[in-house]
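Everything quoted here is computed from the prediction, not taken from an experiment.
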Amino acid sequence: MAKRVRLTRAFFDRSVHVVAPELIGATLLVDGVGGTIVEVEAYDHEDPAAHGFNGQTPRNASMFGPPGHAYVYRSYGIHWCLNFVCEGEGIANAVLIRALEPTAGIPLMQKRRKMQDVRLLCAGPGRLCEALGVTRAHDGLLLDVPPFRLLARPAAAPLAVGPRIGITKAMDKPWRYGLAGSRFLSKPFK
DNA sequence: ATGAAGATGAAT
DNA sequence: TTCATCTTCATC
């Protein structure tokens, strides 16, 4: 297998609308555990649905920081969700990582998730974080140094595009991207 | 100090 | 469709 290009902080210093689709097919590993990204959503600073839209707070601070860092937040009091911060220091732009196809460290993921079905291990932002062991401790960390490891997609992937999940229709945009036909998505694209 | 809502997931 | 679970932030 050809050695794949590591994604550095420079990769993320671009519009979320460019970065998000390019992340489909890329590899995400946390302490060596992870797989191929198959679903993401883009949130830009002009987006009323984005956490940063109403200004900076302690929770979303890392979203306003420089690109190439992680933004991890607590969802519904229960789950962690992982984002990659993109261009515009002082402006909140990020890509939510929603699902991946497990390829590395599957036994550990199964243990963390307390279930065996590989298809459901990382099919959703909360599930993905539980499987990879991502918590608030990862908030604000750089993405191009351990424990993170990101590898560029080997080639452009066939994209599915659709409305984002959990966003009220009035605020929504077609900024959810997926690997067309993947069975590891949190939900199918229509 | 208090309360409402939330970029979800699992069970019913 | 319901509910678990709890932090965050706006408001009082």
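- Rounded to whole Å, atom P of B:dG6 lies 17 Å from atom CD1 of A:Ile165.
- Among the candidates A:Ile37, A:Val33, A:Leu151, the single residue satisfying the side-chain contact (heavy atoms from CB on, under 4.5 Å) test with A:Leu28 is A:Ile37.
- At a threshold of 4.0 angstrom between heavy atoms, the contacts of A:Arg164 with the nucleic acid are absent.
- Side chain of A:Asp44 to backbone of A:Asp47: a donor-acceptor contact under 3.5 angstrom is found.
- Counting any heavy atom pair closer than 4.0 Å across all strands shown, A:Ile167 reaches sugar-phosphate atoms only and no base atom.
- Atom-to-atom, CG of A:Leu96 to C1' of B:dT8 comes out at 11 Å; the value is rounded to the nearest Å.
- Checking C:dT8, B:dA7, B:dT8 against the side-chain heavy atoms of A:Arg136 singles out C:dT8 as nearest.
- Remark: C1' of B:dG6 and CG of A:Asp172 are 16 Å apart, rounded to the nearest angstrom.
- The listed nucleotides are B:dG9, B:dA7, C:dA4; the one nearest the side chain of A:His79 is B:dG9.
- For the pair A:Arg176 and B:dA7, the criterion of a side-chain N or O lying under 4.0 Å from OP1 or OP2 is not met.
- Between the OH atom of A:Tyr76 and the C1' atom of B:dA10 there is a distance of 14 Å, given to the nearest Å.
- Distances from the side chain of A:Arg74 to the nucleotides C:dT7, B:dT8, C:dA4 place C:dT7 closest.
- If you take CD1 of A:Ile78 and C1' of C:dT8, they are 15 Å apart, rounded to a whole angstrom.
- With contacts defined as side-chain heavy-atom distances shorter than 4.5 Å, the pair A:Pro48/A:Met171 qualifies.
- In this structure, the side chains of A:Leu150 and A:Phe84 come closer than 4.5 Å at one or more pairs of heavy atoms.
- Judged by distance alone with a 3.5 Å cut-off, a donor-acceptor contact links the side chain of A:Tyr73 to the base of B:dA7.
- Remark on DNA chain B: of its neighbouring residues A:Thr168 and A:Gly126, the 5'-side contact belongs to A:Thr168, judged by nearest-heavy-atom nucleotide.
- Looking at heavy-atom distances under 4.0 Å, A:Asn54 makes no contact with the nucleic acid at all.
- The pairing partner recorded for B:dT2 is C:dA10, the criterion being a Watson-Crick or G-U wobble arrangement whose two distances lie under 3.5 angstrom.
- A heavy-atom distance below 4.5 Å is not found between the side chains of A:Arg74 and A:His79.
- Following rounding to the nearest Å, A:Phe53 (CZ) and B:dG6 (P) show an atom-to-atom distance of 15 Å.
- Counted by atom type alone, A:Asp139 and A:Ser62 present one or more donor-acceptor pairs between their side chains at under 3.5 Å.
- The distance from atom CD of A:Glu130 to atom C1' of C:dT5 is 14 Å, rounded to the nearest whole Å.
- For A:Pro125, taking side-chain heavy atoms from C-beta onward, the closest of the listed nucleotides B:dG9, C:dT5, B:dA7 is B:dG9.
- C:dT7 atom P lies 15 Å from atom CG of A:Asp139, rounded to whole Å.
- Among the atoms of the strands shown, only primed sugar atoms or phosphate atoms (P, OP1, OP2) are found under 4.0 Å from some heavy atom of A:Arg113.
- Note on A:Met115: nothing from the nucleic acid sits closer than 4.0 angstrom, heavy atoms only.
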